[in-house]
Amino acid sequence: MASSADLALANRLADAAGEAIRPLFRGSWTDERKGDSSPVTEVDRAAEAAMRAILEVERPDDGIIGEEYGTRNEGAVRQWVLDPIDGTISFMAGRPIFGTLISLMEGGFPVLGVIDQPIARERWVGRIGHDTTFNGKVARTRGCRSLADAVLATSSPHYFSSEEADDYMALAQAVAQDKRQGMIVYGGDCYNYGLLASGHLDVICEAGLQLFDFAALVPIVEGAGGVMCDWSGEPLHAASDGRVLALGEPARLEDVLEAMGRANAQGHDHGH
């Protein structure tokens with residue numbers, strides 16, 4: 001389990017990342033494309049380096065899995081998972097809806113998570129066995145009577161394969177019904193999960209996420225009363241395939257899986 005000392009350390013890491021990011025937001029920095037052609041800036045690297053420097057002193061025996069600088073102490077039971085800027089494209093476009101993600105995993109499962117938005121100075125913190133907080137106050141998801149009442153979010157339809165896009169569009173149809181403007185928002189990356197934890201969104205559907213994209217989100221969503229799982233309804237862990245659902249109202253999970261053609265999918269994810 002994550003201790004109060006772990007919590008304090010995670011908050012220090014978020015502070016350090018924010019100090020590296022804030023002076024350069026909407027400023028001048030260089031960017032390049034990584035091997036998978038996703039963008040990275042010197043700001044991503046500076047923010048991760050600031051966090052790793054603290055961990056190397058404070059927790060030399062713990063592992064680190066970072067988006068920019070890779071893995072340290074791979075065999076450690078406790079792993080700190082870092083994504084210095086989740087939503088780099090939003091950062092580059094001057095949109096303050098990116099976030100720094102910090103997670104502590106034990107035995108492959110996330111036990112502590114932080115979403116920090118350093119420009120708006122908004123921070124969601126989740127710890128297994130405790131209420132999720134938003135800027136220090138308890139955050140709760142909201143109820144949702146049916147998918148037709150839901151607000152659905154995804155970062156970008158371009159992250160889905162053609163088959164995944166079909167499943168997503170089936171879910172979008174169940175939410176939008178025949179309304180021209182269904183309650184669906186695009187963009188947002190990790191910020192959407194904070195909004196869901198605080199009761200502003202109901203369902204998030206994404207694919208292609210890496211461990212550092214989703215590990216921090218799980219304790220935050222679940223500690224606020226929601227549920228996170230893969231597209232088969234299974235809990236998320238270090239070996240999950242990157243297809244992620246988050247719901248503020250756990251009772252709607254069967255409806256979501258059914259809409260996506262994945263009802264009763266546990267163990268036999270059809271089409272794969």
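Fair warning: this is a prediction, and the values are worked out from it, not measured in the lab. Just so you know, residue 1 is the first one in the sequence shown, and it goes up from there.
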Backbone N/O of [Y] and side chain of [X]: donor-acceptor pair under 3.5 Å:
{"X": "Thr71", "Y": "Ile65", "answer": "no"}
{"X": "Arg22", "Y": "Pro118", "answer": "yes"}
{"X": "Asp167", "Y": "Leu257", "answer": "no"}
{"X": "Glu42", "Y": "Ala46", "answer": "no"}
{"X": "Arg45", "Y": "Pro84", "answer": "no"}
{"X": "Arg252", "Y": "Arg145", "answer": "yes"}
{"X": "Thr88", "Y": "Ile85", "answer": "yes"}
{"X": "Ser240", "Y": "Gly242", "answer": "no"}
{"X": "Glu48", "Y": "Tyr69", "answer": "yes"}
{"X": "Glu164", "Y": "Ala207", "answer": "no"}

What I'd like to find out is whether the side chain of [X] reaches to under 4.5 Å of the side chain of [Y], using heavy atoms alone.
{"X": "Val221", "Y": "Val227", "result": "no"}
{"X": "Met260", "Y": "Leu245", "result": "yes"}
{"X": "His200", "Y": "Val151", "result": "no"}
{"X": "Leu55", "Y": "Leu13", "result": "yes"}
{"X": "Val256", "Y": "Val203", "result": "yes"}
{"X": "Trp80", "Y": "Asp6", "result": "yes"}
{"X": "Thr154", "Y": "Phe160", "result": "yes"}
{"X": "Cys229", "Y": "Leu253", "result": "yes"}

Would [X] and [Y] show up in the same hydrophobic cluster when neighbours are defined by side-chain heavy atoms closer than 4.5 Å?
{"X": "Leu209", "Y": "Leu82", "result": "no"}
{"X": "Val218", "Y": "Val111", "result": "no"}
{"X": "Leu217", "Y": "Val138", "result": "no"}
{"X": "Phe214", "Y": "Leu104", "result": "no"}
{"X": "Val244", "Y": "Ile97", "result": "yes"}

How far apart are the C-alpha atoms of Glu67 and Gln210, what are their side-chain angles, what is the distance that settles it, and do they pass the side chain to side chain contact (heavy atoms under 4.5 Å, CB included) test?
CA-CA 9 Å; Glu67 180 171 18; Gln210 304 286 330; over 6 Å; no
Got a second to check how far [X]'s [atom1] is from [Y]'s [atom2], nearest 0.5 Å?
{"X": "Glu122", "Y": "Ser198", "atom1": "CD", "atom2": "OG", "result": "8.5 Å"}
{"X": "Ile220", "Y": "Leu112", "atom1": "CD1", "atom2": "CG", "result": "8.5 Å"}
{"X": "Leu101", "Y": "Tyr193", "atom1": "CG", "atom2": "OH", "result": "10.0 Å"}
{"X": "His130", "Y": "Leu7", "atom1": "NE2", "atom2": "CG", "result": "8.0 Å"}
{"X": "Ile119", "Y": "Gln117", "atom1": "CD1", "atom2": "CD", "result": "5.5 Å"}
{"X": "Ile21", "Y": "Asp44", "atom1": "CD1", "atom2": "CG", "result": "8.0 Å"}

Check this for me: does any side-chain nitrogen of one of [X] and [Y] sit under 4.0 Å from a carboxylate oxygen of the other?
{"X": "Arg12", "Y": "Glu58", "value": "yes"}
{"X": "Asp202", "Y": "Arg142", "value": "yes"}
{"X": "Asp15", "Y": "Arg123", "value": "yes"}
{"X": "Arg243", "Y": "Asp230", "value": "no"}

Can you establish whether the number of heavy atoms outside Glu74 located under 6.0 Å from its atom CD is more than 12?
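No.
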Would you call the rings of Phe91 and Phe98 parallel, tilted or perpendicular, where under 30° means parallel and over 60° means perpendicular?
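Phe91 vs Phe98 ring planes: perpendicular.
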Take the angle between the ring planes of Tyr186 and Tyr168 and call it parallel below 30°, perpendicular above 60°, tilted in between.
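It falls in the perpendicular class, over 60°.
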So, Thr132 and Trp124: side-chain donor and acceptor under 3.5 Å apart, yes or no?
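There is no such pair (donor and acceptor under 3.5 Å, judged by atom type) between the side chains of Thr132 and Trp124.
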Distance-only side-chain donor-acceptor flag, Asp83 / Thr100, under 3.5 Å:
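Side chains of Asp83 and Thr100: no pair found under 3.5 Å.
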Given side-chain hydrogen bond (donor to acceptor under 3.5 Å, both in side chains), test Glu206 with Ser155 step by step and report yes or no.
CA-CA 7 Å; Glu206 304 209 88; Ser155 294; 2.7 Å; yes
What are the two closest non-hydrogen atoms of [X] and [Y], and how far apart are they?
{"X": "Asp189", "Y": "Ser90", "result": "OD2-OG, 4.2 Å"}
{"X": "Ala215", "Y": "Met105", "result": "CB-SD, 4.0 Å"}
{"X": "Pro110", "Y": "Ser103", "result": "CB-OG, 3.9 Å"}
{"X": "Arg78", "Y": "Arg59", "result": "NH2-NH1, 3.2 Å"}
{"X": "Ile89", "Y": "Tyr159", "result": "CD1-OH, 4.2 Å"}
{"X": "Arg72", "Y": "Asp62", "result": "NH2-O, 2.6 Å"}

Do you know which of Thr141, Leu152, Asn192 makes side chain to side chain contact (heavy atoms under 4.5 Å, CB included) with Leu201?
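Running side chain to side chain contact (heavy atoms under 4.5 Å, CB included) over Thr141, Leu152, Asn192 with Leu201 returns exactly one hit, Asn192.
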Between Asp255 and Ser146, is the side-chain hydrogen bond (donor to acceptor under 3.5 Å, both in side chains) condition met? List the steps.
CA-CA 8 Å; Asp255 300 343; Ser146 75; over 6 Å; no
